[in-house]
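These notes concern the structure reproduced below.
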Amino acid sequence: MKPPPKGLDSEGCLAREGSLARVQAPFRPVVAAARDRLPDVFGARLHSAYLYGSIPRGTARVGRSDLDLLVALREEPGDADRAAARALGEALDREFPEIDGVGTLLYGRARLLSELETYDLGWFVACLCTPLLGADLAEQLPRYRPDSLLARETNGDLALLLPRWRERIAGVEDTDVARRPLVRFMSRHLVRTGFTLVMPRWGGWTSDLVEMAGIFGAYYPQRAEQVRAAAALGYEPTGERAVLKAYVDDFGPWLAEEYARVHGVKAPRPD
């Protein structure tokens, strides 16, 4: 029997990509600390918590990778919840040199399970997040396939994001150090968007930036070098202003237009 395409199960649906068993030994203490402290931070309002990113995929780099968390609350989060999540992340970052920062996504359970978010945040929880605490919301979500609907609802909003990116670039301090996080973030976002543009044609899933860039480049060779460079900067960012300018003046607008042509535009969100 022919094996399923990469990232899919035997039924052609996206397989959950991470697991606690893949967490490398150096990162187990910080994962355990996050698991132990989250209930103290959010109490009975905590519904569930998840890992995502390189740590549950087993590809994290000591001292270079961040700890990525998604926290689902029983109600919509408020400013106090966001402040508490930031404080927890800062404490973990100080205490564990194995990580380089903590990023926490905070949502209410109802939003994660809403019809509007089924093929965006819902897919993210079901396929890219690894359960850490509480009842797994994936059990209430559908199975997903690498189709045009998923492509549209995950990354079909780039045209809306570009004006905000330009504002962030204009407002950042004029130093390489200050621009470096923007280069990393925007590089990764553009590579992932390029990959999901071609994902339905390729027919599988990967979260590896270099692999994503290679797959995209096979379908759009005229942009292959540009996206390969973005993948490299997603792992090892510089702070060059010219990189950011190229993203918002050239590659980003082209990608947004091509994405809308191929898959349409993401359904509007209230926020």
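Contact between A85 and L106 at its shortest, heavy atoms only, is CB-CD2, 4.4 Å. Across all non-hydrogen atoms, the minimal contact from P200 to L197 is CD-O, 3.9 Å. The minimum heavy-atom distance linking V102 with G89 is given by the pair CG2-O, 3.4 Å. Among all heavy-atom pairs drawn from A267 and E153, the shortest one is N-OE2, 3.2 Å. Among all heavy-atom pairs drawn from A126 and A138, the shortest one is CA-CB, 3.8 Å. Minimum heavy-atom separation, L162 to A256: CD1-CB, 4.4 Å.
Within a 6.0 Å sphere centred on CG of D36, heavy atoms belonging to other residues, nucleotides or ligands number more than 12.
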Q: Assess whether side chain to side chain contact (heavy atoms under 4.5 Å, CB included) is satisfied between C129 and F124, documenting all intermediate values.
A: CA-CA 6 Å; C129 288; F124 184 76; 3.4 Å; yes
Q.
Between L244 and R179, is the side chain to side chain contact (heavy atoms under 4.5 Å, CB included) condition met? List the steps.
A. CA-CA 9 Å; L244 296 173; R179 284 190 292 266; 3.9 Å; yes
(Q) As a quick check of understanding, evaluate side chain to side chain contact (heavy atoms under 4.5 Å, CB included) for V62 and F27, giving each step before the final call. (A) CA-CA 8 Å; V62 174; F27 300 100; 4.0 Å; yes
Q.
If you apply the rule side chain to side chain contact (heavy atoms under 4.5 Å, CB included), what do you find for E17 with S207, and how did you get there?
A. CA-CA 8 Å; E17 67 173 12; S207 284; 2.7 Å; yes
Q | Verdict with supporting geometry, Y235 and S187, side chain to side chain donor-acceptor pair (under 3.5 Å) | A | CA-CA 9 Å; Y235 287 123; S187 297; over 6 Å; no
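For the pair L161 and D157, the minimum side-chain heavy-atom distance is below 4.5 Å. Side-chain contact between L116 and P270 is present, with heavy atoms from C-beta onward closer than 4.5 Å. Side chains of V41 and D81 form no contact here, defined as non-hydrogen atoms less than 4.5 Å apart.
Sorted by first then second residue, the side chain to side chain donor-acceptor pair (under 3.5 Å) pairs that include residues 160-172, not counting sequence neighbours, number zero. Within the structure, every pair that satisfies the side chain to side chain donor-acceptor pair (under 3.5 Å) test and touches residues 89-107, not counting sequence neighbours, is listed here: R37-E95. Within the structure, the salt bridge (Lys or Arg N to Asp or Glu O under 4.0 Å) test picks out the following pairs touching residues 122-142 (sequence neighbours left out): R16-D136.
A distance of 9.5 Å separates CG in D147 from CZ in R152, rounded to the nearest 0.5 Å. N155 contributes atom CG, which lies 9.5 Å from atom NE2 of H263 (distance to the nearest 0.5 angstrom). Between the NZ atom in K266 and the OG1 atom in T154 there is a gap of 7.0 Å [rounded to 0.5 Å]. Between the CG atom in L8 and the OH atom in Y144 there is a gap of 15.0 Å [rounded to 0.5 Å]. Distance check, rounded to the nearest 0.5 Å: CG of L70 to CG of L112 gives 6.0 Å.
Between the side chain of D9 and the backbone N or O of G12 there is at least one donor-acceptor pair closer than 3.5 Å. Side-chain atoms of T196 never come within 3.5 Å of backbone atoms of M199 as a donor-acceptor pair (strictly under, hydrogens ignored). Here the side chain of R22 pairs no donor or acceptor atom with the backbone of G58 at under 3.5 angstrom. Between the side chain of R188 and the backbone N or O of G234, at least one donor-acceptor pair lies under 3.5 Å. Side-chain N or O atoms of D120 include none that pairs as donor or acceptor with a backbone N or O of E117 at under 3.5 Å. Of the possible donor and acceptor atoms, none in the side chain of R61 sits under 3.5 Å from a partner among the backbone N and O of T59.
In summary, E11 and R143 engage in a salt bridge, as defined by a charged side-chain N under 4.0 Å from a carboxylate O. A salt bridge between R241 and D176 is absent, with no side-chain N of the basic residue lying under 4.0 Å from a carboxylate O of the acidic one. Contact check on E76 versus R109 returns no salt bridge, with no Lys/Arg side-chain nitrogen under 4.0 Å from an Asp/Glu carboxylate oxygen. Of the charged side-chain nitrogens involved, none lies within less than 4.0 Å of a carboxylate oxygen, so that R57 and D208 do not count as a salt-bridged pair.
Put simply, L38 and L105 are part of two different groups of oily side chains (I, L, V, M, F, W, Y) that touch within less than 4.5 Å, one to the next. In this structure, V172 is a member of the same hydrophobic cluster as L190, with clusters built from ILVMFWY side-chain heavy atoms closer than 4.5 Å. Taken together through direct or relayed side-chain contacts under 4.5 Å among Ile, Leu, Val, Met, Phe, Trp and Tyr, L20 and L92 form part of one hydrophobic cluster. Following chains of ILVMFWY side-chain contacts shorter than 4.5 Å, one cannot reach W123 starting from V265, and the two form parts of different hydrophobic clusters. The hydrophobic cluster containing V71 also contains L67, counting ILVMFWY residues as joined when their side-chain heavy atoms lie under 4.5 angstrom apart, directly or transitively.
Here the rule is side-chain hydrogen bond (donor to acceptor under 3.5 Å, both in side chains) with E236, and of R64, R184, R180 only R64 fits it.
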Sequence neighbours excluded and cut-off under 3.5 Å, please list the side-chain donor-acceptor pairs for residues 49-56, or say none.
residue, atom, partner, partner atom, Å
Y50, OH, S48, OG, 2.9
Y50, OH, L137, N, 2.9

Show me, pair by pair, the donor-acceptor contacts under 3.5 angstrom made by side chains of residues 209-224, not counting sequence neighbours?
residue, atom, partner, partner atom, Å
E211, OE1, K6, NZ, 2.6
E211, OE1, T206, OG1, 2.8
E211, OE2, K6, NZ, 3.3
Y219, OH, W202, N, 3.4
Y220, OH, R201, NH2, 3.1
Y220, OH, E258, OE2, 2.7
R223, NH1, Q226, OE1, 2.7
R223, NH1, D250, OD1, 3.3
R223, NH1, D250, OD2, 3.3
R223, NH2, D250, OD1, 3.4

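Within the 6.0 Å centre-distance limit, the rings of F195 and W205 are counted as a close aromatic pair.
Not a single ring-ring contact (aromatic ring centres under 6.0 Å, His included) links F42 to another residue, sequence neighbours left out.
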